[in-house]
Q: 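One structure, as C-alpha cells, below. Some questions next.
So that the names make sense, note that chain A is the first sequence line, chain B the second, and so on, each numbered from 1.
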4 protein chains.
Amino acid sequence: MTAHGTSASGTRKRNAEATRQALLEAAHDRFVRLGYEGTTLRDVAADAGVTLALIKRYFGSKEGLFKAALAATPRFLGQEDDAPQGPDALAEALSRQLAGRSWPEFGEHPVLMLLRASGDEQVDVRRRQALLDAGMQLLAASGHSDTGEGDHLLRAELLVALGVGVAVLRSTVGIQPLQDASAADLLTPLRDLVHALLPPPATP
Amino acid sequence: MTAHGTSASGTRKRNAEATRQALLEAAHDRFVRLGYEGTTLRDVAADAGVTLALIKRYFGSKEGLFKAALAATPRFLGQEDDAPQGPDALAEALSRQLAGRSWPEFGEHPVLMLLRASGDEQVDVRRRQALLDAGMQLLAASGHSDTGEGDHLLRAELLVALGVGVAVLRSTVGIQPLQDASAADLLTPLRDLVHALLPPPATP
Amino acid sequence: MTAHGTSASGTRKRNAEATRQALLEAAHDRFVRLGYEGTTLRDVAADAGVTLALIKRYFGSKEGLFKAALAATPRFLGQEDDAPQGPDALAEALSRQLAGRSWPEFGEHPVLMLLRASGDEQVDVRRRQALLDAGMQLLAASGHSDTGEGDHLLRAELLVALGVGVAVLRSTVGIQPLQDASAADLLTPLRDLVHALLPPPATP
Amino acid sequence: MTAHGTSASGTRKRNAEATRQALLEAAHDRFVRLGYEGTTLRDVAADAGVTLALIKRYFGSKEGLFKAALAATPRFLGQEDDAPQGPDALAEALSRQLAGRSWPEFGEHPVLMLLRASGDEQVDVRRRQALLDAGMQLLAASGHSDTGEGDHLLRAELLVALGVGVAVLRSTVGIQPLQDASAADLLTPLRDLVHALLPPPATP
DNA sequence: TATGAATGAGAGTTCATTCAT
DNA sequence: GATGAATGAACTCTCATTCAT
C-alpha cells in the first residue's frame, strides 16, 4: 500500500494519517517476515511509497517504528466479543484464527510479531504481557478462573504455545499438511485437544 | 566455552578441533538467541575466545557457520532409542525433552535453531525436513502408520507445533508458569493432550 | 580537490554535483596511479574531502566508480576537431598531446586509465574499443582509409603503442630525458616517425 | 609448474632449488598479469604446488618475492650477443622480441614486469634503471654513442616506449591486428621506424 | 625443515541517523 | 512539512604475517 492512494473524499494530496498507516503496515509486514535486524527502513519506506525521512518524523527511530508495529498487532487468540464460551466455542475460534486469513492486512499471522525481539527491554515486557494475556483469556473462555489453583493456567499456556507453534509452522517454515490445513481440518483435532486440556469445570 | 580450555592431557594452546567446537557452540547459542542477522561473527569469535578470521578458516563464511550449527542441532523430539511406545511413553518423553535441560551445551532448546532462517534456500529445505521428520517420528511413536488415512499426520504435526511453541515461550519470550514448569508439571497435561490427539489405534 | 570548495556564488556546503565531481577526479587520479586493486575507496573519499559512504550513494560500488572514471577519460590521441590532416599535422598533435599537460584535472596522462583493469569483462571491452578507436582515428588522420589493404592499420596501432609507451614511461616509471621532454623536443622525432610509419598516400 | 616435478637425475624428493624456481615463475606470472596488489601469496604457493609458508622461508615477504621476480626478469630489448649491429639488425631483433614467444616460461612479455609497482621505492629505482638501460642499449646497437649530443637518447627511448606499448597492447589489452601480428608482419614497419628514428651515423 | 593454527589490520559494503535546504 | 546530502559506525570477508608444533 502506498501513502498517496486515491481517497474517496476528494482531496488526497498529503494525507499524514494515510502515510503513517502505510508505513505501519509495511513495517509490520517486514518485521514479521524478516525480523528486526533483517528489516531496513529504506525498504519499509519504499514499500509505503514515501521517503525514508518520514519514518523518523512519524516514529522517531527504528525502535519507535517497531514499537508502533507491535502495538498495532491485534490481540492473539482474542475472543472478538464476550460471546458464548466453553470448550467447543473455544476450539471453533481457535481453528478459525489459526487457519484463516482473518487478517488481510498482515501477510503472516500477527502473533509472529510477538516473537520478534528488537533488543529493547521495554519491548520484551510488552511482548511477554501480550502472550500472558492470551493465556488468561483462554483460561477465562474455557470457563475457569485464574485463581491459581490447579494447573489450569499452565494448561491454558500450553494452548497458547500450540497457537504460537502452529503460526510458526504455517508461515516461516511451512510444513504440510499443517500449512494448508483449513479451519474445518483443524476443528476436530482442536476440539479434542481443548477438551483434554481445559475440560469444562464441574458444575455442582 | 573458549577454545583453549584445559584438557585432560595437560594444557594445550593449539587445538583445531577444540577451536572448531568452541566456535560451533558459540555460534549455535547466538544464532538461536539472536537469529542470523542479529548474530555477528565478531561476537561469536569473542565467545569462543579466538579471532574472527578463524571462522573463515573453519567454516568458510557466515553461511557456512550457520549450516554447521544447524547440522549440529540434535533431532527434535527424537526418541533416544527404539524403546517402548504408545501415548504414555510419548507424553513422558515429551515432558522430559521440553522441560529438561537435556542439552547442557545449548543455552536454549535446540529446536529453536530450526526456526532461524539465513536466507539460503538450501538451508530452508533442511529446516523444513527436520520438522517434518519430527512429525513422522511422533506419528510412529504413537503407534500409527503414515498411510495418509485420516488426519493422523496433521494431528502429529499439531504436537510438533506444541513442542515448538513451548520451546519458544520458555526461552525467548518467557511466560510463567510455563517457563519454569518442570517435567513433572508438564507430564499430566501432556498425557491428556497426547491421548486426545493421538489415541492408540484400535486393536481388534 | 575537495567537495566543499568555494564557488563563485559564495560558500556552499551541500552540492551533490560538486561532490560527485570531486570523487570522480580523486578516483581517476588514484586509479591511474595505483590501479584498481591498489586504490582504496577510503583514500578516494579522503582526497575528495567527503566520507566513504557517498561513493556508494553516487556510484553504487567500487566498480561503478571505476566505470565512471573510465567513462570520464578523454579520448586518446583524438583530434580535437576535423582539422587539417596529414603526417605533419598528426605529428604536431601527437607531440602536444604526449608532452603537454593538456589535462590539468588529471594528474597523469589519461590514457593510462585505459590500461587499468578492474576484473569486469564489460570494462575490458570498453578499454579495448577505446584503444582500437584511437588506431582508427590515427589512420584516418594520416589520410588513409581502413579498407584493410596493406598493413596500414597495423602501422597505425604501432603509433598508438608508441603513445601508450610514452605515457607510461613519462608517468609511472619516469625515465629521462623522455619524461621531461617538451612538445618541441618531441616534434622532430615524431615527425620522422609518422612519416616513416604512415606516409601520405600517393596522389596520382 | 609444481615444485616436485620429476627430475631426470634420479633423486627428486625435496629439491629446494626447484621449489624456489617454481615459486619464482608462478610469482612472475601472477605479478605480470595481476599486479602487486592483485597477486595473493596463497595463489602463488598453490600454483607452485607448495605451502604458503615456504614463500616466507625463501623470499622473506611479499616484497622480497616481488624483488626476486623483478630480478629474474630478462633484459628488455637486450641484444643476445654483441653481434652485428645497425638499423636493420636492430629492427629484426625488435620484431622478434616483440612478436615472438621467446620466453616460454613467462606467460606474458617480461617487460610488463617492469611496469608493475609494489610501492617500494627501491624497487622503483630498479625498474627505472632497467628501462634506462634498454634505451642505452638500443642507442649503442644503432651505432650511436651516448655522448648526449643531439636527441639520440630521446629517440632511443621513444623506441623503448614503442616496445613497452606494443607489449602492453598485445597482452593485457589485446587489440587486433597488433595482438596477433607475427615477427614477419612487424619487421617492415619496424625497419621503417628504426631507420627514421635512428639513422646510421654519417661515416665521413 | 615444514606445516598448519592463529592473528591483526584493512578492504568494500550497508545502514540508521543527522543536517541543511 | 518534506527532501536529499552527508556522516559514522558496524558488518562480513580477505590477506600477509607470525607463532607453535
Side-chain angles (χ1 to χ4, degrees), chain A residues 3 13-14 16 19 36-45 50-58 60-65, chain B residues 3-4 12-20 23 36-45 48-65, chain C residues 3-4 12-20 23 36-45 48-65, chain D residues 3 13-14 16 19 36-45 50-58 60-65:
Chain A
K13 40 181 183 178
R14 298 263 174 112
T19 298
Y36 186 80
E37 306 279 349
T39 297
T40 76
L41 296 190
R42 262 184 182 76
D43 289 344
V44 170
V50 298
T51 36
L52 169 111
L54 286 190
I55 293 181
K56 168 154 198 211
R57 177 161 299 281
Y58 288 138
S61 68
K62 191 180 190 179
E63 282 254 351
L65 180 61
Chain B
H4 306 312
R12 55 182 171 182
K13 288 286 286 295
R14 302 240 169 164
N15 187 326
E17 194 48 44
T19 298
R20 220 192 99 99
L23 280 172
Y36 186 80
E37 306 277 351
T39 296
T40 78
L41 296 189
R42 263 186 183 77
D43 289 344
V44 170
V50 297
T51 32
L52 170 71
L54 287 189
I55 293 181
K56 187 214 159 127
R57 183 179 181 79
Y58 290 123
F59 302 99
S61 68
K62 190 179 189 179
E63 280 256 351
L65 180 62
Chain C
H4 306 311
R12 55 181 170 184
K13 288 285 285 296
R14 303 241 167 164
N15 187 327
E17 194 48 44
T19 298
R20 220 192 99 98
L23 281 171
Y36 186 81
E37 307 277 350
T39 296
T40 77
L41 296 190
R42 274 182 177 78
D43 288 344
V44 170
V50 297
T51 35
L52 170 70
L54 286 190
I55 294 180
K56 187 214 157 123
R57 182 178 181 81
Y58 290 122
F59 303 99
S61 68
K62 190 180 189 178
E63 280 257 351
L65 180 62
Chain D
K13 40 181 186 180
R14 298 262 173 115
T19 297
Y36 186 80
E37 306 279 348
T39 297
T40 78
L41 295 189
R42 260 184 184 78
D43 288 344
V44 171
V50 299
T51 35
L52 168 107
L54 286 189
I55 293 182
K56 168 157 199 205
R57 176 161 298 281
Y58 288 138
S61 68
K62 189 180 190 179
E63 282 254 351
L65 179 62

Q: Using heavy-atom distances to pick each residue's nearest nucleotide on DNA chain F, tell me which of B:Asp43 and B:Lys56 is more 5'.
A: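 That would be B:Asp43.
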
Q: Heavy atoms from C-beta onward define the side chain here; which of E:dA11, E:dA6, F:dA2 lies closest to that of A:Leu54?
A: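 Looking only at side-chain atoms, A:Leu54 lies closest to F:dA2.
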
Q: Give the rounded distance in Å between these two atoms: CG of A:Leu65 and P of E:dC15.
A: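 Checked: the CG to P distance equals 16 Å.
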
Q: Atom CZ in D:Arg42, atom OG1 in D:Thr51: separation rounded to 0.5 Å?
A: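 These two atoms lie 11.0 Å from each other.
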
Q: Nearest 0.5 Å, please: how far is CG in B:Leu65 from NZ in B:Lys56?
A: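 Output value for this atom pair is 14.5 Å.
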
Q: Strictly below 4.0 Å: does A:Arg57 bring a side-chain N or O up to OP1 or OP2 of F:dG1?
A: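 Yes.
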
Q: Nearest 0.5 Å please: distance from the CD1 atom of A:Ile55 over to the CG atom of A:Leu41.
A: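 It comes to 4.5 Å.
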
Q: Is the closest side-chain heavy-atom distance between B:Tyr36 and A:Glu37 below 4.5 Å?
A: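 A side-chain contact under 4.5 Å is absent here.
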
Q: To the nearest 10 degrees, how far apart in direction are the end axes of the helix from E:dA2-F:dT21 to E:dT21-F:dA2, each fit to five base pairs?
A: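 Result, rounded to 10 degrees: 20°.
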
Q: Expressed in angstrom and rounded to an integer, what is the separation of B:Leu23 atom CG from E:dA6 atom C1'?
A: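 It is 11 Å, rounded to the nearest whole Å.
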
Q: Minimum heavy-atom separation for C:Ala45 to C:Leu23, with atom names?
A: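 Minimum heavy-atom contact is CA-CD2, 4.1 Å.
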
Q: Looking only at side-chain N and O atoms, does A:Tyr58 come under 4.0 Å of OP1 or OP2 in F:dA2?
A: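 Yes, such a contact exists.
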
Q: Out of F:dA16, F:dC11, F:dG8, which has the shortest distance to the side chain of C:Ala53?
A: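 The listed nucleotide nearest to C:Ala53's side chain is F:dG8.
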
Q: Whole angstroms only, please: what is the CD1-P distance between A:Ile55 and F:dG1?
A: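 One finds 18 Å between P of F:dG1 and CD1 of A:Ile55, rounded.
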
Q: Can you tell me the distance, in whole Å, between the CG atom of D:Leu41 and the C1' atom of F:dC15?
A: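 Checked: the CG to C1' distance equals 8 Å.
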
Q: Could you tell me the separation between the NZ atom of D:Lys62 and the C1' atom of F:dT18, rounded to a whole number of Å?
A: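 The answer, rounded to whole Å, is 17 Å.
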
Q: Name all residues meeting the ring pair (Phe, Tyr, Trp, His ring centres under 6.0 Å) criterion together with D:Tyr58; count only those two or more places apart in sequence or in a different chain, and write none if there are none.
A: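 Applying ring pair (Phe, Tyr, Trp, His ring centres under 6.0 Å) to D:Tyr58 gives none.
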
Q: Starting from P on F:dG4, measure out to CG on C:Asn15 and report it in whole angstrom.
A: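 Spelled out: CG on C:Asn15 to P on F:dG4 is 15 Å.
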
Q: From the list E:dT13, F:dA16, E:dT3, which nucleotide is the closest neighbour of the side chain of D:Thr51?
A: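 Nearest listed nucleotide: E:dT3.
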
Q: Assign each of B:Leu52 and C:Ser61 to its nearest nucleotide of DNA chain E by heavy atoms, then name whichever residue's nucleotide is nearer the 5' end.
A: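 This one resolves to B:Leu52.
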
Q: Measure from the side chain of C:Arg42, starting at C-beta and using heavy atoms only, and say which of E:dT7, E:dA11, E:dA6 lies closest.
A: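 Out of E:dT7, E:dA11, E:dA6, the nucleotide with an atom closest to C:Arg42's side chain is E:dA11.
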
Q: Take the protein atom CD of D:Glu37 and the nucleotide atom C1' of E:dA11, then report the distance between them rounded to whole Å.
A: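 Nearest whole value for this atom pair: 11 Å.
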
